[in-house]
Each structure stands twice: as C-alpha cells, then as structure tokens.
Amino acid sequence: MAVCGVNFSTITQPRPQPCYPSLSLSSSSSSSPLNSPKSLISQLSFVSNNPNLSLRRDRTLARSRLRAPNFKVIASANKPEPLKIMISGAPASGKGTQCELITQKYGLVHVSAGDLLRAEIAAGSENGRRAKEFMEKGKLVPDEIVVTMVKERLLQSDSQENGWLLDGYPRSLSQATALKELGFEPDLFILLEVPEDTLVERVVGRRLDPVTGKIYHLKYSPPETEEIAARLTQRFDDTEEKVKLRLRTHHQNVEAVLSMYTDITVKIHGSVCKEDVFTQIDAVLAELLEQRQATSGSFAAKKM
Ligand code: AP5
C-alpha cells in the first residue's frame, strides 16, 4: 500500500524530506483497519453527549490537511477547557517523537511514564531502584510506584492549566481503572500502529540527546551536528532481546486498556515518516480544538 508516495515495503529506507502526506485515519469501533475520515468524525462525536460539542459533520478532515503544519495554536479570549490526550502504542512506535511535535504546537504538558521512571533511576531513589528491576526484564513496573507518580504529575498546575499529553500510560486495566477513579478522563486516545519488524529496527537505532532530551535514530532521524552525535546515549532497555520482552508485555495488556477508551480512540498509521504521522494526529487535534473553541465561543455569546 502506498502512503506519502512510498510503498510500505520500502518504508525502512530513509526518505527525502519533506514528505507530503496521505491522510488516512481509522476508528477503533470498526473491524476494518482503515476507515474514512468521516467515520473518524462520527467516532469523535462521542466525546460528549452535548450536541454543541459534537464535531461538525459537513466538513472533512481534508481541510485540516491543507493547514500549514507549523503554526502555533494561540488561546482565544474565552479559553476553552485544555485538551487531555493519551498516546499509546508498542515500544518504539513513535510515542515520544510525536509527543515532541504535539507539545511544540499545542503546548500540552508531556507526561511520560517511562521518562518519570528513568528520572527516578537517575536520582537513585528507592522507587527508581525497584523500577529498574522490572524495566530490565521488559515488565510493567508495579502500580504502587507508577500510579502515584503519574497522578502527582497530572495534578501539578502546569498540567491542569495547559492540558496534558499522557505517554505510555495507562498500560494495564488496573492503571486505567485507577486513573478513572481519580477523575482523569481523556478527550482522545491515540493509538500508533506499526508493524513489529519496524519496531525492532527503531529500538536498536534509537539514540537520545542527554542535553536537549531529543530523540534521534541513527538512520531515520540522525543528529544534526557532529557535536550532538558525540554526546548521544542509548537506553539500557534498547536491545533486540529486551524489546522482544517489552513487546510481549505490550501485547498482553493492550486490548484491556483499549477496551476502556473505545469511544474516543483514533488509530494512526505509525509506519510512515514522522512528519506524516504528525499530520494525521494534527488533523484530529485541530478539529477537536476548533470544535471546543466554537463551543466556548457560543457559551460566551449566550451569556451576553
Ligand atoms: P517507555 O519509555 O515508555 O518505553 P516504550 O513504551 O517501550 O516506548 P519507547 O519509549 O521505547 O518508544 P516510543 O514509542 O516513545 O518511540 P520513540 O518516539 O522513542 O517505557 C520503558 C519501560 O518503563 C517499560 O518497558 C516498563 O518497564 C516501564 N513503564 C513505562 N510505562 C509504564 C507504565 N505505565 N506502567 C508500568 N511500567 C511502565 O521512537 C523510537 C525510535 O524510532 C526513535 O529512534 C525515533 O527517532 C524513531 N522513529 C519514531 N517515529 C518514526 C517514524 N515515523 N519513522 C521512522 N523512525 C521513527
């Protein structure tokens, strides 16, 4: 299947930039892997029962696709509720990469369970020491460590004021249930779909910049300068052997988590280049935000 002018069979080859996208989105409620953008709009209208909040059906996401990808969203006078988004997918499906692009444009607070755990390890805390034992085996870190850690981050004022983008959490039914009981309800659940052989290649080639926190890939997203290349590090769990264990854990839990968010799930083709993955996500977020701003505007108009 050709996506952004590239055949899937050649997807492991670096592509010239810029890539021009072919938008294709699917909703979780269908057995078909690819649904039309219209069905996505129908799916997203379940976000709220309020008819004022449903996405307008007379427009297609094609319009969103034509928007320049790099503009910055500016808050309107009647500030709508901030967005609350979850992003999920197998190891190396591109969650962190997309979070960089989403936060850059939408100003949401990126809360990554994996990053929070690695920060605990780096700090040498007791939680970090215990977490590392599980992470080295590709297993989920116990809830008594992760649930509190994520809850505290979500309750901080920046997350509350600007909205949040929760990365790699929840990863089990118990985490999803705990989050719900704590009152954290997302507006949208993004699932990145990437074939398994691509995931292994992405893990093995991933490198991190300890100074900026930016994610690189030796082949697909190489460092811009020699200076950056010299300081790149590799994660302790980024080996072929460990990613297979992480994948197994992912497969054991993903369906249970998805079952909690069926009505707000959007599935994204994660195997195209990162700019094209972002274009798909951006279209959905822009639509959601626009609908929200329209609603807050109409509420303000009613008050006058
Ligand atoms: P975590 O750090 O969350 O790891 P993960 O889920 O395995 O995901 P990754 O961070 O490996 O990948 P990613 O999807 O962010 O991909 P990225 O954008 O970097 O968790 C680590 C561990 O912590 C877990 O195994 C577990 O033990 C524990 N843990 C975490 N959350 C937990 C929870 N909720 N409960 C309990 N335990 C928990 O991209 C990967 C590479 O691909 C990069 O090199 C990137 O440049 C490249 N790339 C990205 N997109 C593209 C693209 N479109 N085309 C080509 N290359 C691309």
Side-chain angles (χ1 to χ4, degrees), residues 3-4 6 11-15 17 19 21 86-102 110-121 127-128 130-151 165-176 178-179 190-195 198-209 213-223 232 234-239 242-250 253-254 257 268-281:
V3 175
C4 57
V6 179
I11 207 125
T12 53
Q13 299 303 315
R15 266 148 279 143
Q17 299 296 323
C19 315
M86 287 177 180
I87 186 161
S88 170
S93 54
K95 300 181 292 294
T97 300
Q98 292 307 313
C99 286
E100 274 178 19
L101 299 169
I102 295 168
H110 178 205
V111 179
S112 156
D115 286 351
L116 291 173
L117 288 167
R118 280 183 287 277
E120 289 288 332
I121 295 172
N127 274 349
R130 280 192 63 210
K132 196 171 180 192
E133 286 174 22
F134 290 86
M135 291 166 81
E136 280 184 326
K137 293 179 192 143
K139 291 187 174 172
L140 292 184
V141 173
D143 283 0
E144 71 252 28
I145 297 175
V146 189
V147 172
T148 312
M149 202 179 66
V150 171
K151 179 189 91 174
L165 175 60
L166 196 43
D167 166 3
Y169 192 95
R171 279 191 210 216
S172 64
L173 190 58
S174 61
Q175 289 177 6
L179 211 53
I190 297 170
L191 179 68
L192 298 178
E193 296 190 305
V194 178
T198 306
L199 296 171
V200 175
E201 193 198 14
R202 284 190 188 175
V203 159
V204 175
R206 172 170 42 197
R207 297 292 182 276
L208 302 171
D209 183 343
K214 195 170 169 190
I215 305 163
Y216 291 95
H217 190 280
L218 295 178
K219 190 168 165 186
Y220 300 117
S221 190
L232 293 183
Q234 193 170 15
R235 266 170 50 177
F236 66 85
D237 55 351
D238 270 356
T239 61
K242 284 186 178 150
V243 76
K244 286 188 175 152
L245 299 173
R246 284 155 62 196
L247 275 167
R248 194 189 307 158
T249 304
H250 169 75
N253 292 289
V254 66
V257 173
I268 298 288
H269 295 289
S271 51
V272 291
C273 62
K274 67 178 182 183
E275 293 81 4
D276 288 3
V277 177
F278 180 63
T279 301
Q280 298 171 61
I281 295 173

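Each ligand, and each atom within it, is numbered from 1 in the order the structure gives. It should be emphasised that the depicted structure is a prediction, and the values quoted were computed from it without experimental measurement.
The main-chain N or O of Gly138 is found under 3.5 Å from a side-chain atom of Thr249 such that the two form a donor-acceptor pair. The main-chain N or O of Leu218 is never found under 3.5 Å from a side-chain atom of Arg207 such that the two would form a donor-acceptor pair. Between the side chain of His269 and the main chain of Asp276, no donor-acceptor pair closer than 3.5 Å is present. In this structure, Lys95 contributes its side chain and Ala90 its backbone to a donor-acceptor pair below 3.5 Å.
Residue Gly138 places no heavy atom under 4.0 Å from ligand 1.
In this structure, Asp237 does not pair ionically with Arg206, as no charged nitrogen and carboxylate oxygen lie closer than 4.0 Å. Between Lys274 and Glu100 there is no salt bridge, since no side-chain nitrogen of the basic residue lies less than 4.0 Å from a carboxylate oxygen of the acidic one.
Of all the listed residues (Arg202, Met149, Lys242, Met135), Arg202 holds the heavy atom that lies closest to atom 42 (O) of ligand 1. For atom 44 (O) of ligand 1, the choice among Tyr216, Phe134, Tyr169 with the nearest heavy atom turns out to be Tyr216.
Backbone and side-chain nitrogen or oxygen atoms of Asp115 are examined, and none is located within less than 3.5 angstrom of a nitrogen or oxygen of ligand 1. The shortest N or O to N or O distance between Ser93 and ligand 1 is below 3.5 Å. Of the N or O atoms in Lys139, one or more lie within a sub-3.5 Å distance of an N or O in ligand 1. Considering backbone and side-chain N/O atoms, Val141 comes within less than 3.5 Å of an N/O atom of ligand 1. Checking only distances, Asp238 never comes within under 3.5 Å of ligand 1, N or O to N or O.
Here is the list of ligand 1 atoms found below 4.0 Å of a heavy atom in Tyr220: 55 (C), 56 (N). Listed by atom number, the atoms of ligand 1 under 4.0 Å from Gly96 heavy atoms are 13 (P), 15 (O), 18 (O). Close approach of ligand 1 to His217 is summarised as follows: ligand atoms under 4.0 Å from at least one heavy atom of the residue are 44 (O), 46 (O). Within the listing of ligand 1, atoms 18 (O), 19 (O), 43 (C), 45 (C), 46 (O) sit less than 4.0 angstrom from a heavy atom of Ile215. Atom numbering of ligand 1 starts at 1 in the shown order; those under 4.0 Å from a heavy atom of Ala92 are 8 (O), 9 (P), 11 (O), 12 (O), 13 (P), 14 (O), 16 (O), 40 (C). Heavy-atom contacts of Arg118 reach the following atoms of ligand 1: 2 (O), 21 (C) (cutoff under 4.0 Å). Interface atoms of ligand 1 facing Leu117, defined by a heavy-atom separation under 4.0 Å, are 23 (O), 28 (C), 29 (N), 30 (C), 38 (C). Those atoms of ligand 1 with a heavy atom of Lys274 less than 4.0 angstrom away are 52 (C), 53 (N).
Heavy-atom minimum distance, Ser172 versus Asp143: OG-OD1, 4.3 Å.
Contacts with ligand 1 closer than 4.0 Å are made by backbone heavy atoms (N, CA, C, O) of Val272 only, the side chain lying farther away. Of all the heavy atoms of Asp237, the ones lying under 4.0 Å from any atom of ligand 1 belong exclusively to the side chain. In Gln175, the part holding a heavy atom less than 4.0 Å from any atom of ligand 1 is the side chain. The backbone and the side chain of Lys95 each have at least one atom closer than 4.0 Å to an atom of ligand 1 (non-hydrogen atoms only). If you look at Arg235 next to ligand 1, the close heavy atoms, those under 4.0 Å, all belong to the side chain. Contact annotation for Cys273 and ligand 1: only backbone heavy atoms (N, CA, C, O) come within less than 4.0 Å of the ligand.
Between Gln280 and Val272, some side-chain heavy-atom pair lies under the 4.5 Å cut-off. Proximity of Arg171 to Asn253: side-chain heavy atoms (C-beta onward) are nowhere separated by under 4.5 Å. Between Met86 and Tyr169, the closest side-chain pair of non-hydrogen atoms is not below 4.5 Å. Annotation: side chain of Val277 is not in contact with side chain of Thr97 (no heavy-atom distance under 4.5 Å).
Atom CG in Asp167 sits 7.0 Å away from atom CG in Asp115 (nearest 0.5 Å).
Annotation for Arg248: atom CZ does not count as buried by contact number, only 12 or fewer foreign heavy atoms lying within 6.0 Å.
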